[in-house]
Amino acid sequence: MLLVLVGTLFNRFGDLNYPVLYYDHPSIVESVSYTGHVSKNGGFHFLALGDYLWESMFLVFLILLLILVLSNFLSIFLKNTFTIYIATIAIFTVGYVVSTQILEDYSYLSPFTYLDIPKVVNGELTMVLNQPGIQVKTGCIVLIVSTVIVLITGYLSFYLKTRTHRPLKIGRSKDLSNKF
């Protein structure tokens, strides 16, 4: 929102080509085909505001989808709505802390890393965690795969739970002697 406000003040409202700074990891800067600007600790290039907003909205959509699927998965085992909300918030909070503080080497594979959307979209998290794999495309793939895994696990859990608790139905034989 701040970028839109600054873009409105210094340029014109609605200009989706307003530049947004994107940080490039040193391993990307060292490649032969790098076209951005080189600095002391890496590099940077500019991303259009329209691309920034589009990538942000897409990540928000995928994160919301994962939250909904995980909440539905938890509702199979937990019956209280408030407990489901607390469990979902706890899972995402602990997941984010673990993936960004403890498992930094594998943080690009965790869907919780991509919760900090502004830092993912502008490349800051790539620099902070020293992980060139943290990109919007990687985040989309990780979030989609995680959502599908939770969805399939939830479906199988629901199927097994309803199958084991369902009483065995035995067909009744029709007594034809009463009808005559």
Side-chain angles (χ1 to χ4, degrees), residues 1-29 31 33-37 42-75 84-85 87-155:
M1 192 63 178
L2 180 66
L3 290 174
V4 175
L5 181 65
V6 170
T8 303
L9 292 175
F10 293 107
N11 209 343
R12 60 185 189 273
F13 181 73
D15 189 7
L16 295 178
N17 289 325
Y18 191 79
V20 177
L21 185 66
Y22 184 90
Y23 300 99
D24 294 318
H25 192 268
S27 65
I28 296 171
V29 173
S31 71
S33 61
Y34 181 69
T35 59
H37 304 282
F44 64 93
H45 68 275
F46 293 101
L47 181 68
L49 179 62
D51 294 336
Y52 180 89
L53 292 174
W54 171 251
E55 291 174 358
S56 297
M57 287 187 298
F58 197 62
L59 280 176
V60 165
F61 172 75
L62 291 175
I63 289 170
L64 286 176
L65 189 64
L66 179 62
I67 290 171
L68 289 172
V69 169
L70 183 65
S71 297
N72 283 334
F73 173 73
L74 291 174
S75 71
I84 294 168
Y85 292 153
T88 304
I89 291 170
I91 288 170
F92 275 89
T93 303
V94 170
Y96 180 78
V97 170
V98 167
S99 65
T100 58
Q101 302 291 326
I102 298 171
L103 300 175
E104 291 177 0
D105 293 339
Y106 303 102
S107 60
Y108 68 99
L109 297 174
S110 172
F112 306 112
T113 303
Y114 301 97
L115 293 174
D116 197 354
I117 295 171
K119 287 184 180 181
V120 171
V121 176
N122 75 357
E124 183 180 346
L125 204 56
T126 300
M127 299 295 285
V128 170
L129 296 178
N130 194 22
Q131 191 58 257
I134 299 175
Q135 308 250 342
V136 174
K137 291 177 186 175
T138 309
C140 291
I141 293 168
V142 168
L143 288 167
I144 290 170
V145 168
S146 300
T147 302
V148 168
I149 289 172
V150 174
L151 190 64
I152 290 171
T153 305
Y155 176 75

To the nearest 0.5 Å, what is the distance between CD on Glu55 and CG on Asn122?
10.5 Å
Counting C-beta onward and ignoring hydrogens, is there a side-chain heavy-atom pair between Leu115 and Ile63 closer than 4.5 Å?
yes
Residue set satisfying side-chain hydrogen bond (donor to acceptor under 3.5 Å, both in side chains) with Ser107, at least two apart, ordered chain then number -> none
Scan residues 112-144 for pairs that pass ring-ring contact (aromatic ring centres under 6.0 Å, His included), counting only residues two or more places apart or in two chains.
Phe92-Phe112
I need the minimum non-hydrogen distance between Glu104 and Gln131, along with the two atoms involved.
O-NE2, 3.2 Å
With Val60, which residues qualify under side chain to side chain contact (heavy atoms under 4.5 Å, CB included), at least two apart?
Leu64, Ile117
How far apart are the closest heavy atoms of Val136 and Val121, and which atoms are they?
CG2-CA, 4.0 Å
pair Leu62-Leu66: side-chain heavy atoms closer than 4.5 Å
no
Quick one, Leu74 and Ile91 - any side-chain contact, counting heavy atoms below 4.5 Å?
yes
Between Leu59 and Cys140, is any pair of side-chain heavy atoms under 4.5 Å apart?
yes
State the CG-CG distance between Leu53 and Leu47, to the nearest 0.5 angstrom.
9.5 Å
Quick one: closest heavy-atom pair of Val120 and Leu125, and the distance?
CG2-CD2, 3.8 Å
Is any side-chain heavy atom of Leu129 closer than 4.5 Å to one of Thr100?
yes
In short, Ser99 meets Thr113 closest at the heavy-atom pair OG-OG1, 3.3 Å
Here the side chain to side chain donor-acceptor pair (under 3.5 Å) pairs for residues 140-155, sequence neighbours left out, are none
At what distance, to the nearest 0.5 angstrom, does OG1 of Thr138 lie from OH of Tyr108?
9.0 Å
Residues pairing under side chain to side chain donor-acceptor pair (under 3.5 Å) where one sits in residues 58-67, two or more places apart or in two chains, turn out to be none
Could you tell me the separation between the CG atom of Leu143 and the CZ atom of Phe58, rounded to the nearest 0.5 Å?
9.5 Å
Any donor and acceptor pair, going by atom type alone, linking the side chain of Thr93 with main-chain N or O of Ala90 inside 3.5 Å?
no
Non-hydrogen atoms of Pro132 and Thr126 that approach each other most closely
CA-CG2, 3.6 Å
Which residues pass the side-chain hydrogen bond (donor to acceptor under 3.5 Å, both in side chains) test with Thr88, sequence neighbours left out?
Ser71
